[in-house]
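Scope of the values below: all heavy atoms of this structure, side chains included, with no hydrogens, waters or symmetry mates. To find a chain, count down the sequence lines: A is the first, B the second, and so on, and within it residues start at 1.
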Amino acid sequence: MLDPKLLRHQLEFCQQQLARRGFQLDVEKFSTLENQRKALQVRTQALQKERNAKSKAIGQAKAKGEDASDILAAVADLGDQLKAAEEQLHAVQAELNALLMGIPNLPHATTPDGENEEDNQEVRRWGEPRQFDFEVRDHVDIGEGLGLLDFETAAKITGSRFAVMHGGIARLHRALIQFMLDLHTQEHGYSETCVPFIVNADSLRGTGQLPKFEEDLFKLYHEHDYYLIPTAEVPVTNIVRDTILEKMPCRFVSHTPCFRSEAGSYGKDTRGMIRQHQFEKVELVQVVKPEDSYQALEELTAHAEEVLKRLKLPFRTMALCAGDIGFSSAKTYDLEVWLPGQNKYREISSCSNFEAFQARRMKARFRNPESGKPELVHTLNGSGLAVGRTLVAIMENYQQKNGSVQVPEVLQPYMGGVSIIE
RNA sequence: GGAGGGAUGGCUGAGCGGUUGAAAGCACUGGUCUUGAAAACCAGCAUGGGUUAACGCCCAUCCAGGGUUCGAAUCCCUGUCCCUCCGCCA
């Protein structure tokens with residue numbers, strides 16, 4: 001959520017910045033509601049003040065044993081007036097809040113202009129795509145060829161966009177998770193965290209998936225409004241919801257499955273493991289002081305990049321343009337890994353600074369030692385990395401002419417010394 | 001699933017329907033004392049919002065939402081969460 005004060009006092013600025021990301025702020029509606037809110041709030045509070053004063057006088061009169069019937073008569077119709085004013089105020093506040101919850105974050109000054117992914121800017125590039133002296137296969141052909149990847153059976157068990165992995169591929173998948181967790185906890189200073197994979201609606205509102213993006217989620221058939229997590233970002237970031245932190249920064253790394261309905265992506269990436277309803281991800285989450293958040297974004301992005309470097313997978317880092325960043329983000333870097341099977345770079349990590357956007361929704365604060373007052377924190381997260389896509393990248397980049405797959409050196413200790421999957 | 005008990009400020013924990021935003025203790029901050037520190041003593045110390053140039057003033061908040069009342073932390077209803085016991089269970 002944006003700062004309501006910023007919207008009130010710098011509405012034009014907000015409108016301009018939101019326009020950069022293609023969001024049309026209904027200035028007129030906001031102003032009208034805001035003016036109504038102000039008038040109603042002042043009126044309601046004045047009535048409350050009057051009621052409080054009169055009630056107190058009644059109490060004092062009764063304590064002295066005096067007759068309070070005059071004051072009681074004076075207060076007679078106050079209750080109805082107050083109730084009416086409160087109801088109107090609540091209605092306007094609810095409408096205003098709904099409007100506010102639907103407004104995306106302002107892009108940061110360093111987020112480049114642009115409408116869509118065509119306009120994203122390459123920041124840096126690492127590694128050289130390998131030259132193959134045989135015909136390159138994609139991960140589906142490789143995996144099915146080895147008999148270790150099975151989409152048909154997954155379709156029988158559940159439906160489309162699921163996979164069954166066996167043997168060396170399943171183990172490689174597990175090895176990747178262990179490797180990533182170890183790297184981030186042992187070298188990057190993150191604390192390993194295990195969280196629920198089912199969350200409530202408050203948590204999803206906190207990080208921004210609700211109310212606008214419910215159709216992307218799997219909702220459970222249950223007496224409460226429970227959802228499968230679309231990313232560990234939701235449960236992990238919500239650790240700090242409704243809290244005043246004393247120690248900062250917080251750095252969490254968490255491995256979870258992620259569940260996405262992929263509504264609206266019909267026909268996109270239908271082949272293989274790139275876009276699944278269920279996938280695993282190792283997620284990095286940081287909660288930092290506002291002045292540190294852009295430094296933290298650079299560091300977090302570097303932590304994700306380090307995974308690709310150790311795996312020797314070529315990638316490029318993209319600064320997403322204002323039209324392509326997510327709803328809650330002020331600035332996002334995407335890491336795109338080279339996939340020989342597709343002959344292009346594909347997203348494998350997304351690292352974002354949400355500034356206070358999520359913190360305001362979550363009421364996540366820290367106590368500023370200088371002022372002694374609670375202030376909103378800044379939150380960040382990034383994939384470090386998406387495990388399924390990393391597996392795809394390894395299969396395609398490390399494939400051999402005979403259809404086998406080499407195991408990257410750093411993963412071999414996690415594979416019991418196995419160096420080739422065949 | 002059954003039966004009870006509970007939820008109060010950063011923490012612990014009092015609180016008859018009426019100057020209770022809330023006792024007390026701890027923690028924290030400042031001061032006195034001390035060469036310094038500790039101890040002792042004194043003082044301050046909730047959150048959100050409105051309004052104001054500012055000092056300030058005002059409103060709300062004792063898990064959440066309704067209700068009763070001139071007035072609710074206190075009474076009633078509903079929900080959520082936590083604890084204890086019984087049953088079931090990975």
B/G50 phosphate, OP1 or OP2: any side-chain N/O from A/K38 under 4.0 angstrom?
no
Looking only at side-chain N and O atoms, does A/R367 come under 4.0 Å of OP1 or OP2 in B/C45?
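No.
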With heavy atoms under 4.0 Å as the rule, sort [X] into base, sugar-phosphate or nothing.
X: A/K363; value: nothing
X: A/Q48; value: sugar-phosphate
X: A/K54; value: nothing
X: A/R365; value: sugar-phosphate
X: A/R43; value: nothing

Rounded distance in Å between the [atom1] positions of [N] and [M]:
N: B/G67; M: B/A24; atom1: P; result: 35 Å
N: B/A64; M: B/U74; atom1: P; result: 11 Å
N: B/C82; M: B/A46; atom1: C1'; result: 23 Å

If the threshold is 4.0 Å, N to carboxylate O, is there a salt bridge linking A/R8 and A/D3?
no
Under 4.0 Å between a side-chain nitrogen and a carboxylate oxygen: does that hold for A/E115 and A/R21?
no
Check the angle between the aromatic planes of A/F259 and A/F218 and answer parallel, tilted or perpendicular using the 30° and 60° thresholds.
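Ring orientation of A/F259 relative to A/F218: perpendicular.
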Whichever of A/E375 and A/N52 has the more 5' nearest nucleotide on RNA chain B, that residue is A/E375
Given that A/T44 and A/G59 both sit by RNA chain B, which one's nearest nucleotide is further toward the 5' end?
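This one resolves to A/G59.
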Using whole Å, what does the distance between atom C1' of nucleotide B/G50 and atom NZ of A/K5 come to?
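Rounded to the whole Å, the gap is 9 Å.
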Check the distance between B/G49's P and A/L40's CG and give it to me in whole angstrom.
19 Å
Derivation and outcome, salt bridge (charged side-chain N to carboxylate O under 4.0 Å, His left out), residues A/E299 and A/R251
CA-CA 12 Å; A/E299 290 171 7; A/R251 288 178 161 187; 2.8 Å; yes
Given A/D324 and A/N116, is the side chain to side chain donor-acceptor pair (under 3.5 Å) satisfied, shown in steps?
CA-CA 5 Å; A/D324 201 33; A/N116 54 45; over 6 Å; no
